[in-house]
Amino acid sequence: MDTKLTTKPAKEGAKTMNQPVAARQSVYRVNDLNLWYGDDHALKDVNLDIKQNEVTAIIGPSGCGKSTFIKTLNRMVELVPIVRTNGVIEYHGRNIFDKDYEVEELRTSVGMVFQQPNPFPKSIYDNIAYGPRVHGVKNKKILDEIVERSLRGAAIWEEVKDRLNENAYGLSGGQQQRLCIARCLAIEPDVILMDEPTSALDPISTLKVEELVQELKKDYSIIIVTHNMQQAARVSDKTAFFLNGEVVEFDQTDRIFSNPSDKRTEDYISGRFG
Amino acid sequence: MALPEKQPVQKKFIDPVAVKKSISQRLVVNNITKIIFLIGLLFGLVVLGILLFGVVRDGAAWLSLDFLQNAPSRRPDRAGIYPALMGSIFLMLLIIPMIFILGVGAAIYLEEYAKKGRMTSFIEVNISNLAGVPSIVFGLLGLTFFVRNMGFGSTLIAGALTLALMSLPVVIVSSQEAIRAVPQAMRHASLALGASKWQTTFKVVLPASLPGVITGIILAVSRAIGETAPLIMVGAAIFIARAPEGIFSEFTALPIQIYNWTSRPQADFQGLAAAGIIVLMVILLTMNSLAIWIRNRFSKRY
């Protein structure tokens with residue numbers, strides 16, 4: 001994980017973002033992924049290469065398969081009983097569809113933040129400690145430390161530090177979503193999947209989550225589905241444009257938004273449909 | 001996202017004058033239905049009130065500490081309900097763990113593990129049907145299976161198993177509903193953190209549905225405690241002087257004792273029966289209040 005730090009240029013500003021950073025390791029390599037809900041072909045020959053410590057945005061109109069795709073990355077999509085997939089998704093070189101790859105293991109290194117904030121009806125502390133406890137951490141001191149670190153990581157520590165034992169449902173929607181991000185950080189993941197994380201939030205909470213994404217990018221690889229194109233432009237390094245289950249274009253975000261190579265991308269971005 | 005274009009002026013289908021005219025008529029219907037519903041409520045309340053009044057008038061004089069501590073006797077002034085009371089309490093203590101483990105287990109399996117399909121819905125429909133089977137049929141089943149085949153005889157355990165069997169369908173259905181009411185988002189949150197299905201069920205789904213589950217269990221137990229027919233079939237003793245000593249003792253229960261007393265001609269025994277009803281009712285009301293308290297105290301809002 002640390003090797004890429006040394007190969008990265010010392011100053012990484014907006015300028016270098018235009019150039020492909022070949023030195024970065026791939027987190028996910030998606031090869032010819034197809035997915036069906038029953039007879040409905042929801043993902044068609046998807047090929048993507050997702051790099052470490054980047055924010056990858058997935059945009060596209062409703063029903064284009066972007067949520068399906070992100071849920072496939074941690075195999076949450078399989079909770080729908082009629083789902084069939086073929087193709088390969090390599091996570092750090094290992095196919096996540098392999099028989100001996102347990103979903104529990106995968107989901108411990110790939111955290112997920114959902115569209116609607118979904119804290120457990122437990123205290124703030126227990127919400128964060130849930131993941132570590134599930135994975136066998138019992139020591140109260142260690143749990144305390146994880147809780148504080150995760151809440152700090154999600155920029156919500158200052159707001160909740162005096163009421164860790166209160167029910168998480170007392171928090172505002174925006175705070176709940178950051179709590180969910182903190183809960184996700186507590187399992188010390190490597191990738192964070194975000195499925196339209198701000199669609200239920202007000203503009204100020206949205207801004208906070210977006211700033212957080214920039215912050216988190218230093219330590220995590222982030223894949224974010226959004227229907228808000230400005231958001232994709234603001235937060236992401238790379239953008240994939242999905243349409244009818246296909247990846248129309250996948251490139252550096254500023255290229256997608258300034259000089260897309262596909263007509264359909266241009267139409268979508270300029271608001272002609274979607 | 002695009003703004004709707006300016007619409008041409010449309011013809012209106014709702015005529016404001018006609019609306020104004022019909023309003024007074026609609027309000028009359030409104031009031032009539034309100035009165036009908038009120039009568040429905042009052043009917044139940046009044047009958048219940050008369051019943052309670054009658055029972056308390058007849059039985060209150062017989063209530064005393066001795067009544068709770070004595071065994072039944074041929075002499076009304078020395079008769080008590082101690083063995084029946086203890087029998088009912090023991091039954092309750094045996095039934096609760098049985099229906100909790102079996103009922104909640106079945107509900108968890110049906111909701112969380114079973115593949116939704118024809119087989120599952122066939123099973124679910126039949127469980128609901130079982131809830132409607134007359135209790136005496138369960139009594140017959142208990143007599144055949146527990147008393148005779150398993151060789152328990154007319155003992156406390158045979159009675160408890162029979163009543164548990166009778167309560168199970170209700171417990172399974174109410175637990176299923178409580179489990180189903182836990183939002184999918186909770187399960188997804190847990191699964192996405194790498195928790196296994198069992199951890200998700202045990203740490204998230206079950207705690208969130210527990211108030212509903214417990215409410216269902218208490219209501220089912222209350223009903224079981226008031227049952228007479230299955231216990232008569234199983235062969236609970238009509239007259240017994242001592243509290244049960246273990247699960248293989250003979251036993252009697254409150255409803256049976258009450259039934260026994262009401263069938264005697266002497267007025268004094270009618271009074272004793274009324275006093276027994278008061279005791280049974282206090283137990284039931286306490287349990288139901290407990291159920292309501294649990295529901296209000298612990299129920300979670302999502």
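Quick note on labels: first sequence line is chain A, next is B, and so on, each numbered from 1.
- Environment of CZ in A:Arg149: sparse, with no more than 12 heavy atoms of neighbouring residues, nucleotides or ligands closer than 6.0 Å.
- With values rounded to the nearest 0.5 angstrom, A:Asp126 atom CG is found 10.0 Å from B:Lys203 atom NZ.
- In this structure the side chain of A:Phe120 reaches within 4.5 angstrom of the side chain of B:Ser190, judged on heavy atoms.
- Of the two parts of A:Arg75, neither the backbone nor the side chain holds a non-hydrogen atom closer than 4.5 Å to a non-hydrogen atom of chain B.
- No part of A:Val113 comes within reach of chain B, as not one of its non-hydrogen atoms sits under 4.5 angstrom from that chain.
- The two residues A:His135 and B:Gly194 come nearest to each other via the heavy atoms CE1-O, 3.6 Å.
- Counting non-hydrogen atoms of other residues, nucleotides and ligands closer than 6.0 Å to CD of A:Glu145 gives a total of 12 or fewer.
- Counting only residues at least two apart or on different chains, no ring pair (Phe, Tyr, Trp, His ring centres under 6.0 Å) pair has a member in residues 92-121 of chain B.
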Per-pair distances, 0.1 Å, donor-acceptor, side chain in residues 284-293 of chain B, under 3.5 Å, sequence neighbours excluded:
from	atom 1	to	atom 2	distance (Å)
B:Thr286	OG1	B:Val282	O	2.4
B:Asn288	OD1	B:Ser222	OG	3.2
B:Ser289	OG	B:Leu285	O	2.5

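- Looking at A:Lys71, there are no atoms closer than 4.5 Å to chain B (heavy atoms on both sides), in backbone or side chain.
- Only the side chain of A:Tyr130 has a heavy atom closer than 4.5 Å to any heavy atom of chain B.
- In this structure, the separation between CG on B:Leu193 and CZ on A:Arg107 is 10.5 Å, given to the nearest 0.5 Å.
- Annotation for B:Asn30: atom CG counts as buried by contact number, over 12 foreign heavy atoms lying within 6.0 Å.
- Listed for the A:Glu104 side chain is no donor-acceptor partner under 3.5 Å among the backbone atoms of B:Ser196.
- Interatomic distance, CG of A:Leu79 versus CD of B:Gln184, reported as 8.0 Å (0.5 Å rounding).
- Within a 6.0 Å radius of CZ in B:Phe202, other residues, nucleotides and ligands contribute 12 heavy atoms or fewer.
- Looking at B:Lys116, neither its backbone nor its side chain comes within 4.5 Å of chain A, counting heavy atoms on both sides.
- Panel note: side chain A:Asn118, backbone B:Met186; no donor-acceptor pair is recorded below 3.5 Å.
- In this structure, B:His188 NE2 and A:Gln116 CD are separated by 13.5 Å, a value rounded to the nearest 0.5 Å.
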